[in-house]
Q: 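I'd like to ask you about the structure that follows.
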Amino acid sequence: MYNEYKTVREAVGPLMLVEGVQGVTYDELVEIRTADGELRRGKVLEVRDDKAVVQLFESTRGLRIADAKVRFMGHGQQLAVSEDMLGRVFDGMGNPRDGGPALLAEAKLNINGAPINPASRDYPNEFIQTGISAIDGLNTLVRGQKLPVFSMSGLPHAALAAQIARQAKVLSSDDKFAVVFAAIGITFEEAQFFIDDFRATGAIEHTVLFTNLASDPAIERIATPRVALTCAEYLAFERGMHVLVILTDITNYAEALREVSSARKEIPGRRGYPGYLYTDLASLYERAGRIKGKPGSITQIPILTMPEDDKTHPIPDLTGYITEGQIILSRELYQRSVNPPIDVLPSLSRLKDKGIGAGKTRVDHADTMNQLFAAYARGKECKELAAILGDAALTATDKLFARFAEEFEQRYVSQGFQTDRTIQQTLDIGWELLRILPRAELKRIRESLLDEHYPIVEE
């Protein structure tokens, strides 16, 4: 039996105060029916004594509080889930947005999920091929990992996200693979880009797409990643799928969190964000992983645009503490038409060593990865030195390293947004580039691998 009240005392912005309530709990779902029969929804933000603060998913504009009836539903927000969600497009609350039929739910799950018992977590150690050399070869993604992309305003992170969603696959398993894509606070044009791209390439068949538009309420923006992750948990742990979750843009999510916190008159933390921003982000990111005894997994790629290109901003800063590395996009590379503009030197995947090597990628992967990093770093130093002192200041070997850095950016990093490379192709390109350098300079590769891939030529 639902509790229904006609004791709305105040409505300001998206918030509403209801008095005289009993048995109401935090995060409980609420329905508000107006005198003309219109139905609006919200959730409980705060309960104190017999008063409840309700945040509406829509605006309170035009709501006559004297006539409004408030019904507390007795449970939090739920998502109807089914394997039939694959190939469908939903709004940020999980309602169909593609004109298709309503979903025949196999279950209804609370969108806040349940924490994974740390003792039940399985260690991530299986390689995921994204088809992007700068990720697969140097900052490898592993099944069950959370690896964010740090972008900047105006950079093509949307195209990169679509490319990963199209191309990602688990090579070492025959289990089904699915992508759950959550677009948070984006424009209609951006949403249509993702839908059109997935449909044109056929990727929509194994994708569930949730789109929250910039014009949608802030409270829906907060729900969208949780709705997407609930769908992912169902597909992974109930249907045994390998699920890749892409969340873009986490910055829009954090801005919505700040807006709701401000409406509640909470004491702000760094740069006006709520003091619980770290905890809130962790409640999203920690829903990635693998569970012992279950074949499915959730791998997360959250994408965020760094305000003012600042890596020390609270959103990327806190995200870096929670996740296992970061892929950083470079404005300088983008201006030089290097796409995707991944800056490999500051980028990092903390679990890359667990997903590469014999039986996973190739036996030479770790050695070539370390050598490519070292050679590119030295090549960039040589280019900077030449820019200051001129080419005459460089030795013959320095000039080879500078040439290597140029070739590395143009042939290895810059592959466009439509090229899908296998890990073998990526490793082979790496060897072609390393042959620019004298064999004696390749000090991070074992002699046995050098003999196989860079043999000494008799003169």
Side-chain angles (χ1 to χ4, degrees), residues 127-142 147-152 154-171 177 179 181 193-194 197-198 200-203 244 246 248 299 301 303 325-349 352 355-356 361-362 364-366 368-377 379-380 383 402-437 453:
F127 170 70
I128 289 181
Q129 179 176 289
T130 66
I132 300 168
S133 293
I135 297 176
D136 293 348
L138 301 177
N139 295 287
T140 310
L141 179 65
V142 180
L147 183 64
V149 174
F150 290 1
S151 183
M152 303 172 190
L155 296 191
H157 48 269
L160 177 63
Q163 183 178 18
I164 294 172
R166 267 196 325 269
Q167 299 177 178
K169 56 182 73 71
V170 178
L171 300 183
F177 188 83
V179 176
F181 195 103
F193 162 77
F194 289 122
D197 184 90
F198 292 165
T201 58
L244 175 65
I246 300 176
T248 180
T299 307
I301 300 184
I303 298 174
Q326 65 277 329
I327 303 295
I328 298 179
L329 303 190
S330 163
R331 193 178 297 283
E332 180 198 350
L333 290 176
Y334 180 62
Q335 289 170 344
R336 289 196 273 119
S337 300
V338 174
N339 283 311
I342 296 173
D343 194 351
V344 298
L345 292 182
S347 297
L348 170 69
S349 171
K352 63 187 175 187
I356 63 175
T361 52
R362 213 164 72 183
D364 58 319
H365 191 159
T368 54
M369 174 183 68
N370 293 332
Q371 188 63 68
L372 287 168
F373 267 122
Y376 181 52
K380 288 193 73 173
K383 287 174 64 179
R403 180 188 155 205
F404 170 87
E406 285 284 347
E407 294 276 334
F408 177 81
E409 289 175 355
Q410 294 302 322
R411 294 175 56 194
Y412 194 97
V413 179
S414 185
Q415 65 180 74
F417 294 110
Q418 303 302 322
T419 304
D420 185 1
R421 291 176 181 166
T422 65
I423 185 60
Q424 285 73 27
Q425 289 173 324
T426 290
L427 293 172
D428 290 344
I429 293 170
W431 275 110
E432 289 172 16
L433 292 168
L434 289 173
R435 292 189 194 104
I436 294 173
L437 305 172
H453 296 278

Q: Restricting to non-hydrogen atoms, name the atom on Arg411 and the atom on Ile429 that form the minimum distance, rounded to 0.1 Å.
A: O-CG2, 4.1 Å
Q: Side chains of Thr426 and Arg421: do they bring a donor and an acceptor to under 3.5 Å?
A: no
Q: Is the shortest side-chain heavy-atom distance between Gln410 and Val338 below 4.5 Å?
A: yes
Q: Measure from the side-chain N and O atoms of Glu407 to the backbone N and O of Leu433, and report whether any donor-acceptor pair falls under 3.5 Å.
A: no
Q: Would you check if Asp420 and Lys169 make a side-chain contact, meaning some heavy-atom pair closer than 4.5 Å?
A: yes
Q: Please check this pair: side chain of Asp136 against backbone of Thr130, looking for a donor-acceptor N/O pair closer than 3.5 Å.
A: yes
Q: If the plane angle is over 60° it's perpendicular, under 30° parallel, otherwise tilted; pick one for Phe194 and Phe198.
A: tilted
Q: I'd like to check the side-chain hydrogen bond (donor to acceptor under 3.5 Å, both in side chains) partners of Tyr376; sequence neighbours left out, ordered by chain and number.
A: Glu409
Q: If you measure from CZ on Phe373 to CZ on Phe408, what distance do you get to the nearest 0.5 Å?
A: 7.5 Å
Q: Determine, stepwise, if the pair Phe150 / Leu155 fulfils side chain to side chain contact (heavy atoms under 4.5 Å, CB included).
A: CA-CA 10 Å; Phe150 290 1; Leu155 296 191; over 6 Å; no
Q: So which atom in His453 and which in Asp364 form the shortest heavy-atom distance, rounded to 0.1 Å?
A: NE2-OD2, 3.9 Å
Q: Before you tell me yes or no, could you show the steps for Arg362 and Asp428 under side chain to side chain contact (heavy atoms under 4.5 Å, CB included), namely the whole-Å CA-CA distance, both residues' side-chain angles and the distance that decides it to 0.1 Å?
A: CA-CA 11 Å; Arg362 213 164 72 183; Asp428 290 344; 3.1 Å; yes
Q: Just verifying a value: how many Å separate Ile132 CD1 and Ile164 CD1, rounded to the nearest 0.5 Å?
A: 4.5 Å
Q: For the pair Met152 and Leu329, evaluate side chain to side chain contact (heavy atoms under 4.5 Å, CB included) and give the outcome as yes or no after the intermediate values.
A: CA-CA 7 Å; Met152 303 172 190; Leu329 303 190; 6.0 Å; no
Q: Does Gln415 reach the main-chain N or O of Gly131 with its side chain, forming a donor-acceptor pair under 3.5 Å?
A: yes
Q: Leu345 and Lys380: which non-hydrogen atoms are nearest, and at how many Å?
A: CD1-CD, 3.8 Å
Q: Is it the case that the side chain of Thr368 and the backbone of His365 share a donor-acceptor pair, with hydrogens and angles ignored and the cut-off at 3.5 Å?
A: yes
Q: The criterion is side-chain hydrogen bond (donor to acceptor under 3.5 Å, both in side chains); which residues satisfy it with Glu332, sequence neighbours excluded?
A: Arg336
Q: Please test Leu141 against Ile301 for side chain to side chain contact (heavy atoms under 4.5 Å, CB included), starting from the C-alpha separation and ending with a verdict.
A: CA-CA 9 Å; Leu141 179 65; Ile301 300 184; 3.8 Å; yes
Q: Calculate, to the nearest 0.5 Å, the distance between atoms CD1 and CG belonging to Ile128 and Leu244 respectively.
A: 6.0 Å
Q: Hey, could you give me the CD1/CD1 distance between Ile423 and Ile135, rounded to the nearest 0.5 Å?
A: 11.5 Å
Q: How many angstroms lie between atom CG of Leu348 and atom CG of Leu138, to the nearest 0.5 angstrom?
A: 11.5 Å
Q: Report the distance from atom CD of Gln418 to atom CG of Asp197, rounding to the nearest 0.5 Å.
A: 7.0 Å
Q: Measure across Gln424 and Thr361 and return the closest heavy-atom pair with its distance rounded to 0.1 Å.
A: NE2-O, 4.1 Å
Q: For Pro156 and Phe417, work out which heavy atoms get closest and say how close.
A: CG-CZ, 3.6 Å
Q: With no hydrogens and no angle check, is any side-chain donor or acceptor of Ser347 less than 3.5 Å from a backbone partner on Ile328?
A: yes
Q: Looking at every non-hydrogen atom in both residues, tell me the closest pair between Val344 and Asn139 and how far apart they are.
A: O-ND2, 4.1 Å
